[in-house]
Amino acid sequence: MKKLFNFFASYGFAVVILILLTILTLFGTLEQASSSLFDVQNKYFNSFFLTHDLFGIPIPLPGVYLLSSLLFVNLVCGALIRVRKEWKKPGMLIAHCGILYMLVAGFVTYHFSTSGQMTLYPEERSDRYQSYYEWEIEIARLEDGLYGTRWIIPGEAFGDMKVEDTREFFQPDLPFTLMLENFLPNATPQPTPGDDGAEGFTLVAKPPEMEAAQNAAGVYALVLAKDKKEVQTGFLWGFSISPWVITVDGVDYAIELRHRNWELPFTITLDEFIRDLHARTSMASNFESVVTKTEGGEPDRKINIRMNEPLRHKGYTLFQSGWGPQNAGPDTKLFSTFSVVNNPADQWPLYSCIVIAVGLSIHFLQKLFSYLRAENRRRAS
């Protein structure tokens with residue numbers, strides 16, 4: 001155990017980790033020329049292990065997630081436990097604690113943060129935002145044309161399906177089983193002649209987009225009633241305008257494949273979108289949104305959201321990220337898009353940098369004063 005501890009606490013182990021992190025950062029950066037940023041992040045930075053193709057040769061490598069975990073262990077063992085404690089020289093101990101704090105911030109952000117977008121036209125309101133990449137299936141009972149009880153199948157339950165995979169989903173409160181097959185991460189519906197395709201259409205697989213948010217997932221669906229007699233087939237497509245509506249035992253249900261949704265603890269209403277153009281161009285020099293935040297019994301609050309001036313409230317941050325349509329004329333109604341982030345560790349990297357700066361400042365000042373004292377003694381002698 002002592003040898004194992006010394007290995008994890010050693011400088012050599014830290015150097016190897018830092019070299020591998022540098023190599024993965026280089027490979028991940030070069031990979032973005034042919035893959036989306038989202039796919040590169042998942043492959044190189046969010047993984048334990050990966051295989052990098054170098055000139056046609058597959059090379060197995062540890063992922064950044066694993067290396068960051070090992071670096072955390074190395075710092076705890078070497079910089080906190082094994083290091084000689086000299087409270088007269090606390091600078092490096094404080095700086096290493098700041099680095100550990102930053103690694104913890106990355107861990108919390110990866111596992112507990114959510115991010116997505118909300119798009120509103122003037123006078124529209126919403127208390128939900130949707131993911132850029134994650135998918136889910138919503139099943140809703142229709143009551144007088146309105147959504148009643150809803151059931152959600154999370155993307156983790158079907159997102160890893162291969163083309164030939166089939167999975168069944170059953171909920172005791174539903175009178176049917178939903179069977180999914182042939183999940184496609186990016187697809188487009190195309191008409192088919194005759195009755196060969198579902199409802200005259202079939203899903204055609206497409207290569208992944210360079211911008212992963214533009215991928216439209218698709219999956220074939222089969223609804224099987226409990227008595228095994230009633231079968232309805234169709235497909236779900238991520239960019240469908242309307243849900244797939246089925247009828248089972250005289251009750252209508254809407255089934256929809258959509259980006260994952262999260263609920264905000266408040267409601268945002270877009271009162272006005274302001275866009276200023278550069279002279280004699282269609283390029284925006286400034287764009288901002290005037291919104292009203294409504295929350296419970298609190299009075300409504302008007303807020304301006306613009307670039308570098310987000311709305312922060314209850315752990316949620318709303319950034320002004322876009323608008324459209326981009327080719328809009330002078331009388332075209334414009335929409336505003338907000339990036340929404342809920343990150344418990346939002347400010348932790350800032351705090352960790354402050355801790356590191358304080359530790360290094362103390363260390364350097366102590367070294368400076370020690371040097372000056374030594375120089376004074378040398379001159380006096």
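Note that the numbering runs from 1 along the sequence shown for the chain.
When the side chains of ILVMFWY residues are joined at heavy-atom separations under 4.5 Å, either directly or via intervening members, Val219 and Val204 end up in two distinct hydrophobic clusters. By the criterion of side-chain heavy atoms lying less than 4.5 angstrom apart, applied directly or through intervening Ile, Leu, Val, Met, Phe, Trp or Tyr residues, Phe169 is not grouped with Val245; the two fall into different hydrophobic clusters. Residues Val76 and Met1 do not share a hydrophobic cluster, clusters being chains of Ile/Leu/Val/Met/Phe/Trp/Tyr side chains in contact below 4.5 Å. Val16 and Leu61 fall within the same hydrophobic cluster, where Ile, Leu, Val, Met, Phe, Trp and Tyr residues are linked whenever their side-chain heavy atoms come under 4.5 Å apart, directly or through other members. Under the 4.5 Å side-chain heavy-atom criterion for grouping Ile, Leu, Val, Met, Phe, Trp and Tyr, Tyr11 is not connected to Leu21 through any hydrophobic cluster.
Summarising the geometry of Gly238 relative to Trp135, their closest heavy-atom pair is CA-CZ3, 3.4 Å, with the distance given to 0.1 Å. In terms of heavy-atom proximity, Leu180 sits nearest to Ala221 at CD2-CB, 4.1 Å. Heavy-atom minimum distance, Ile356 versus Ala95: CG1-O, 3.6 Å. In this structure, Ala217 and Trp237 approach most closely via the heavy-atom pair O-CD1, 3.4 Å. Residues Gln214 and Phe239 come closest through the heavy atom pair O-CE1, 3.7 Å. Pro344 and Phe112 make their closest contact through CD-O, 3.7 Å (heavy atoms, listed as atom of the first residue, atom of the second, distance).
Leu178 places a side-chain heavy atom less than 4.5 Å from the side chain of Ile153. Using a 4.5 Å heavy-atom threshold, the side chains of Gln130 and Arg258 count as separate. When side chains are defined from C-beta on, Asn342 counts as touching Tyr129, because their heavy atoms get closer than 4.5 Å. Looking only at side-chain heavy atoms (C-beta outward), Val223 and Ile255 come within less than 4.5 Å of each other. The closest side-chain heavy-atom distance from Met102 to Cys353 is below 4.5 Å. Residues Arg306 and Ile274 are not in side-chain contact: their nearest non-hydrogen atoms beyond the backbone lie 4.5 Å or more apart. Contact of the Leu120 side chain with the Phe338 side chain is registered, since non-hydrogen atoms from C-beta on lie closer than 4.5 Å. Annotation: side chain of Ile81 is in contact with side chain of Phe5 (closest heavy-atom distance under 4.5 Å).
Although no hydrogens or angles enter the test, the distance criterion places a donor-acceptor pair under 3.5 Å between the side chain of Gln171 and the main chain of Asp173. A donor-acceptor pair under 3.5 Å is formed between the side chain of Tyr132 and the backbone N or O of Gly116. Side-chain N or O atoms of His363 include none that pairs as donor or acceptor with a backbone N or O of Gly359 at under 3.5 Å. Between the Trp244 side chain and the Phe235 main chain, no donor and acceptor come within less than 3.5 Å of each other. With hydrogens and angles disregarded, a donor-acceptor distance shorter than 3.5 Å links the side chain of Ser352 to the backbone of Pro349. Counting only distance, with no hydrogens or angles, the side chain of Ser370 and the backbone of Gln366 share no donor-acceptor pair below 3.5 Å. Formation of a donor-acceptor pair under 3.5 Å by the Ser289 side chain with backbone atoms of Ile305 is not found in this model. Checking side-chain atoms of Asn376 against main-chain N and O of Leu372 turns up a donor-acceptor pair under 3.5 Å. For the pair Glu136 (side chain) and Asn261 (backbone), a donor-acceptor distance under 3.5 Å is present. With Asp144 contributing its side chain and Leu146 its backbone, the two residues share no donor-acceptor pair below 3.5 Å.
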I would like to know whether Phe266 and Glu298 meet side chain to side chain contact (heavy atoms under 4.5 Å, CB included); could you show each step before the answer? CA-CA 10 Å; Phe266 50 87; Glu298 298 183 7; over 6 Å; no

For Trp262 and Arg128, what are the C-alpha separation, side-chain angles and deciding distance, and is it a side chain to side chain contact (heavy atoms under 4.5 Å, CB included)? CA-CA 6 Å; Trp262 294 280; Arg128 306 188 70 84; 5.9 Å; no

Can you list the steps and then say if Ser36 with Glu209 is a side chain to side chain donor-acceptor pair (under 3.5 Å)? CA-CA 7 Å; Ser36 69; Glu209 302 288 346; over 6 Å; no

Take Glu156 and Glu134, measure what side chain to side chain contact (heavy atoms under 4.5 Å, CB included) needs, and give me the verdict at the end. CA-CA 9 Å; Glu156 295 85 353; Glu134 298 179 66; 4.1 Å; yes

Kindly indicate, with the supporting measurements, whether the criterion salt bridge (charged side-chain N to carboxylate O under 4.0 Å, His left out) is fulfilled by Asp346 and Arg312. CA-CA 11 Å; Asp346 181 30; Arg312 298 181 186 273; 2.7 Å; yes

Hey, mind stepping through Asp127 and Glu263 against side chain to side chain contact (heavy atoms under 4.5 Å, CB included) and telling me if it holds? CA-CA 6 Å; Asp127 62 351; Glu263 187 173 358; 3.8 Å; yes

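A distance of 5.0 Å separates NZ in Lys206 from CG in Asn186, rounded to the nearest 0.5 Å. We find the CZ-NZ distance between Phe369 and Lys367 to be 14.0 Å, quoted to the nearest 0.5 Å. In this structure, the separation between CD on Glu31 and CG on Leu26 is 11.0 Å, given to the nearest 0.5 Å. Distance check, rounded to the nearest 0.5 Å: CG of Leu67 to CZ of Phe48 gives 10.5 Å. Note: Phe158 CZ to Leu257 CG = 5.5 Å, rounded to the nearest 0.5 Å. Distance check, rounded to the nearest 0.5 Å: OG1 of Thr267 to CD of Glu295 gives 9.0 Å.
A search for side chain to side chain contact (heavy atoms under 4.5 Å, CB included) contacts involving Asp271 returns Thr269, Val290, Thr292, Lys302, not counting sequence neighbours. In this structure Leu80 satisfies the side chain to side chain contact (heavy atoms under 4.5 Å, CB included) test together with Leu93, Cys97, Leu100, sequence neighbours excluded.
By the 30° and 60° cut-offs, the orientation of the rings of Phe13 relative to Phe7 is tilted.
The neighbour count for Glu123 CD, taken as heavy atoms of other residues, nucleotides or ligands under 6.0 Å away, does not exceed 12. In Glu124, the CD atom is crowded: over 12 heavy atoms of neighbouring residues, nucleotides or ligands sit closer than 6.0 Å. Counting heavy-atom neighbours within 6.0 Å of Arg167 CZ, excluding the residue itself, gives a total above 12.
Checked against the 6.0 Å centroid criterion, the rings of Phe273 and Phe335 do not qualify as a close aromatic pair. Between Tyr110 and Tyr65, the distance separating the two ring centers is shorter than 6.0 angstrom. When ring centroids are compared, Tyr253 and Phe176 come within the 6.0 Å threshold.
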